[in-house]
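To keep things clear, I will list the structure first and then write my remarks on it.
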Protein chains: 2
Amino acid sequence: MQKPRGGVDFASLLSIRLCAAIIAASALEPRVLTLRFREESEALPSGPLEVEHRTLEKGLRAWVARQTGQKLGYVEQLYTFGDRDRVECGDAPSGRSLTVAYLALVREAEPDFAGEAVWQGWYRYFPWEDWRQGRPGALDRIEADLLGWAREAPGDAEARLRQERLGLAFALGSPSWNEEGVLERYELLYEAGLIPERQRDLEGAPFAEGGEGVGRPMAVDHRRILATAIGRLRGKIKYRPLIFELMPPAFTLLHLQRTVEALLGVRLHKQNFRRLVSEQGLVEETGGVSLDTGGRPARLVRFRREVLRERPAPGLHLRAGRRALA
Amino acid sequence: MQKPRGGVDFASLLSIRLCAAIIAASALEPRVLTLRFREESEALPSGPLEVEHRTLEKGLRAWVARQTGQKLGYVEQLYTFGDRDRVECGDAPSGRSLTVAYLALVREAEPDFAGEAVWQGWYRYFPWEDWRQGRPGALDRIEADLLGWAREAPGDAEARLRQERLGLAFALGSPSWNEEGVLERYELLYEAGLIPERQRDLEGAPFAEGGEGVGRPMAVDHRRILATAIGRLRGKIKYRPLIFELMPPAFTLLHLQRTVEALLGVRLHKQNFRRLVSEQGLVEETGGVSLDTGGRPARLVRFRREVLRERPAPGLHLRAGRRALA
DNA sequence: CTTTCTTATACTCAATATGAGCATTACTGC
DNA sequence: GCAGTAATGCTCATATTGAGTATAAGAAAG
């Protein structure tokens, strides 16, 4: 091991922030809990790590409770962001700051808690990620701009590299959109200068108007954090029963399917989805029925906890990039 | 957002460490790069984040180069550990310390670089994780001790909970060992007091002798970090072509299979493994053959980079917990 | 130069899993 | 009772797996 360097001057410039992407979901729309940030945009709940916080996760829970009143259920660490030239909240000290980002899942969307916290549909920030109604219109413009960016590359090799990355991330000329590549797509858009945060980070300019197709900007690098969270969640519901952290105690199979679809941003084949869920033993009947289906009444089911003991990776074994329309 | 707290006194107690689990692999054994630590055990390369480090990853690479001379290829962030009561290297300042841990893959095991760095087989630290020769003998003792720990639980509910966790993590009474659960198993062993680091952390006692079956201890919480790395790597080679970061430029299919088996700690079915690799288009022939197979000469192949463009998740689509013996 | 040992490589086959669809049932609102 | 809307049950072709069998091509031993 190395001797430590007596770096008090350095350490005093250092701060740790904890940041949470708190997700809830209805059958129609996945939501993220946000705070208003300077009129112009939203931020994720976050705050500095304090000495009282025994663990990072406890610190996070404390901050979220303080800022939004929300109690967190499932919490999982996402990533630690620490580039030196990361942009800070203007009011933070100018030294280096690390942010440890978390994904949290909660069951209910109590709207407008504490006046400050607001649930927002997450596709507001990522309009190109919602393929439930087919290919999002915003993608026409985005693809054109991205291809332009690829062509402008300095040098032929770089141009081809960019084109390749684009092709993969946005499934250009291929039928297989991979819904898990949320972060990769966001970073491409950011690099290509299509994301308003880019201009702000480079020039310190406030957000310009317009540019609806590229989604609403967020404070600091919070949109990147949200992208990380969405990608992680989309991947993980396939092999872990995380989805039930978002569902009410009892629900119908269609409700479950619609919620999954909302998260993945893709439609699924109904009968196969049911087969999957029941064959996997993920749910059991409660005995009740729901009459407000708009059609034949549906049986209510609940999550079957025993599945955790039975299978090594219980989840909806959907494969990324498959094409399963309703 | 919250106003920042003028916390210089706090900040000065804070330090960030970067830590790397650097993995290489031969057909026989996966290895991890270690440094000697106080006669009694080994440590992973690590060092404090410094102002000059533009990004966390660059800082990590710098430390690893300084301590071991090793150039890193593939690097991926694993997890950030930050519990307040984490034990520190004795020579570190007594304040709080966060460790950002990384997984790195390198191609060659140049042995004994710089006199200080040593490659060690990773099963030295996790003997219960190697099922290639069948169920490891060390598990008899471990399971007995773990079951004892479960029985000693205060209260019946807690006892059942412990038993359930055990059963899942160690596949008690089930044929399906899940090789990805490395961290979960390590943490259970730690909680149960079977891991020497536990005693050290609680009582500050140096490591006692013996206890071969529970693996060699490491400095600080480095064994936990290594467990995280192994679990991540075991999971990820299934859907990303990471394995090729560990292979030489040309290799035979059996060499590839043995390396995968070494990492997973499981034997695989030979013919099916080849079918998988070739059908996935993961490799292409180099034209050469290897004569030192001990049998019929084998064709040499190399990684087929184009696969990255063709499939969304190229990898060895092995499923966790399957039972495929040679 | 033939036998034996070892590994490579080519195929086969049954059991599942998956994608897509048809048919029937049971409610609500006219 | 009829139309609309879902729920639910079932079928079927096509992949994907797990597990073998069979044959080929070297080296080493005799």
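A note on names: the letters A, B, ... follow the listed sequences, proteins ahead of strands, and every chain is numbered from 1. These values consider heavy atoms only, across backbone and side chains, with no hydrogens, waters or symmetry-generated copies.
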dT21(D) base / Q271(B) side chain donor-acceptor hit below 3.5 Å: yes
Option passing salt bridge (Lys or Arg N to Asp or Glu O under 4.0 Å) with R234(B) (candidates E179(B), E261(B), E129(B)): E129(B)
Between CG on residue L105(A) and CD on residue E76(A), distance to nearest 0.5 Å: 8.0 Å
Any side-chain donor near an acceptor of the partner, S176(B) and N178(B), under 3.5 Å: no
Parallel, tilted or perpendicular: rings of F244(B) and F303(B) (30°, 60°): parallel
K270(B) side chain near dA8(C) phosphate (N/O to OP1/OP2, under 4.0 Å): yes
Close residues, residues 293-302 of chain A, relative to DNA chain C [heavy-atom separation under 4.0 Å]: G295(A), R296(A), P297(A)
Atom-to-atom span, CZ of R274(B) to P of dT16(D) - whole angstrom: 20 Å
Length of the CZ-P vector between F251(B) and dA8(C), whole Å: 14 Å
Separation of atom CZ in R267(B) from atom P in dG18(D), rounded to whole Å: 16 Å
Out of dA7(D), dT12(C), dG21(C), whichever nucleotide has its closest atom nearest the side chain of R275(B): dT12(C)
Between P of dT25(C) and CG of L253(A), the distance in whole Å: 20 Å
L316(B) to L282(B) - nearest heavy-atom pair and separation: CD2-CD1, 3.8 Å
Heavy-atom neighbours of R141(B) CZ exceed 12 at 6.0 Å: no
Atom-pair distance (CZ on F273(A); P on dG19(C)), nearest Å: 13 Å
Given DNA chain C, 5'-ward residue of the pair L291(A) and Q280(A), judged by closest heavy atom: Q280(A)
Residue closer to the 5' end of DNA chain D, H255(A) versus N272(B) (nearest nucleotide): H255(A)
Atom CZ of R124(B): over 12 foreign heavy atoms under 6.0 Å: yes
Touch class at under 4.0 angstrom, heavy-atom based, for L254(B) against every strand present: sugar-phosphate
Sugar-phosphate, base or nothing in reach of E279(B), heavy atoms under 4.0 Å: nothing
Spacing between L318(A) atom CG and dT16(D) atom P, to the nearest angstrom: 16 Å
Distance, rounded to the nearest Å, where Q257(B) contributes CD and dT7(C) contributes P: 12 Å
Spacing of D292(A) atom CG relative to dA7(D) atom C1', expressed in whole Å: 14 Å
